[in-house]
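First comes the structure, then the notes that go with it.
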Protein chains: 2
Amino acid sequence: MPDTNRPGPQHETTAIQVGVEVVVFTIRDDALHVLLAPAAAAWGLPNDTVRADETVDTTARRALADVAGSGDVWLEQLYTFGDVHRAPDSRIISVAHYALVSADVLTATGSDAARWWPVATLPLLVLDHRRIIDYALTRLRNKLAYTTVGFQLLPARFTLGDLQRVYEVIIGRDMDKRNFRRKVELLGIVKPTREQRVSGTGRPAQLYRFVAIEAPEAIGAPEPLMSTQPAVQLARISPVLRRRGRVIQITPGEGTR
Amino acid sequence: MPDTNRPGPQHETTAIQVGVEVVVFTIRDDALHVLLAPAAAAWGLPNDTVRADETVDTTARRALADVAGSGDVWLEQLYTFGDVHRAPDSRIISVAHYALVSADVLTATGSDAARWWPVATLPLLVLDHRRIIDYALTRLRNKLAYTTVGFQLLPARFTLGDLQRVYEVIIGRDMDKRNFRRKVELLGIVKPTREQRVSGTGRPAQLYRFVAIEAPEAIGAPEPLMSTQPAVQLARISPVLRRRGRVIQITPGEGTR
DNA sequence: GCAAAAGTGTTTTCATTACACCCATGA
DNA sequence: TCATGGGTGTAATGAAAACACTTTTGC
């Protein structure tokens, strides 16, 4: 067994570079979108190289800030892609991340020629970026079921219709309005504000804000927060927790489910 | 935005090294154990450095083989720890993995002075290895709930009592025998063999083998396979899938839940 | 016969699902 | 007045949970 202190390069530590990719999701026009930048006759994810004096997380936030402005954005590590032949020439190990931004942040996308693409119709992508996006999408769908990450795709104030649309768009299935609202109510994860939104047409909608919920003591397995399985559903929360008015909260960086 | 092709070192790609750690779990004496090797006046996880010409996954398997022998072992990437000051001297980014081996493989641990430690009473650990183990444990607990990874901790033939013990030991809670067995039966994930096991004392137990289940088409969110939440439970599977005789199967490498 | 582990059903509870109509507003 | 999205309750289903006694073996 190699020494745990790893006293410097043993084999050829030669040419391994560590990079970071970020899959930035948002919702526009009732569809899930990903941010891409033009790259080598195709499109690619925002990325950057990890510097010797910075945390991998820092690199990810920098890559993100380059294209999506700063502000505090929800970001989580996704997976490390370490195949030898990922990049044609050099050896790059890439720590992929994914981020969720709300539709109002995205307008500040400012820099570069970066563009939002609907995940349903992606352009030709560089390297293995297609695979990374697929993976991020799977993770996002899973995570939607047992955490409250979904709110990261909404602005501070939103209607219950907005919220339901987030779920429907990502899961790809329509849900029953009454069941959805009942579950949200039951979970106690939103609070009505004093405002309403008049949307040009139709009855004005109550605006809500997200309420973080107390994390339970030491719970190993997350209980599905919003069920995403069959035909209609929404959350699924253990009766025990509900009685205590709690819900499992997954700390960012919880990795693969 | 940096170019997606990353034409070689841009900043100081100087001294970043990429390593791999593996948290190897097994069950001994009705307790979850982790494999550790002596390192620098403390103990450390099996590890190695990624070579320029090998996949990260390959490095992990090599580190694993060094201490636990070869054989095909269930292994999954856990998380990449990329803090600047993880290691005192050099800059090492570490791609942590975790592996599950059955109690019979572990006797072949052979090499080195590696030892099995109960997770409940770990020794002093090197670097951030304690944190990595904690993280792996959380992941294992979560994953137990909605996949069939638990079987990786058992030999090819096992009793239902063995299986239940795996769950109880990892989740840390006793379960009801009848409910457990009913759920396992319902899921159809085990098949009885022709053999029984006489264990010295008590009635002989039927031996079963694990049966992989058909993965459903394109399911995003996993349905809890074995519930791990409240006081007794076991599985929780969607009625739809159950009727079709299917269960969600998570492909290894599914990352953070 | 006794200690020890294996094996086996029923009832209650509660989350999930399915389902249809009225309300408030702008044009 | 009409088109559009917002808002609301109830009944059926089925998984999860609680619970105790009999069986088979070795000593």
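Protein chains get the first letters and strands the later ones, always in sequence-line order, with residue 1 at the start of each.
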Among all residues two or more places apart in sequence or in another chain, which pass the side chain to side chain donor-acceptor pair (under 3.5 Å) test with E168(B)?
-> Q164(B)
Tabulated below should be each protein N or O lying under 3.5 Å from an N or O of nucleotides 2-4 of chain C; please produce it.
{"residue": "dA4(C)", "atom": "O4'", "partner": "T201(B)", "partner atom": "OG1", "Å": "3.0"}

Expressed in angstrom and rounded to an integer, what is the separation of E185(B) atom CD from dG7(C) atom P?
-> 12 Å
d(CG, L186(A); P, dC14(C)) in whole Å = 13 Å
Options dA6(C), dT25(D), dG6(D), nucleotide nearest the side-chain atoms of A205(B) | dA6(C)
Side chain to side chain donor-acceptor pair (under 3.5 Å): pairs with one or both residues in residues 199-210 of chain B, sequence neighbours excluded = none
Under the salt bridge (Lys or Arg N to Asp or Glu O under 4.0 Å) rule, collect the residues that match up with E195(B), sequence neighbours excluded.
-> R157(B)
Using atom CZ of R182(B) as one end and atom C1' of dT11(C) as the other, report the distance to the nearest whole Å.
-> 11 Å
Check: R178(A) side chain, dT10(D) base, donor-acceptor under 3.5 Å | no
For D57(B), the side-chain contact (heavy atoms from CB on, under 4.5 Å) test, sequence neighbours excluded, returns T55(B), R61(B), L75(B)
N/O donor-acceptor pair under 3.5 Å between Q77(B) side chain and T80(A) backbone | yes
Those residues at least two apart in sequence (or on a different chain) that pass salt bridge (Lys or Arg N to Asp or Glu O under 4.0 Å) with R131(A) are none
Going by modelled atom types, is there a donor-acceptor pair between the base of dG7(D) and the side chain of R181(A) at under 3.5 Å?
-> no
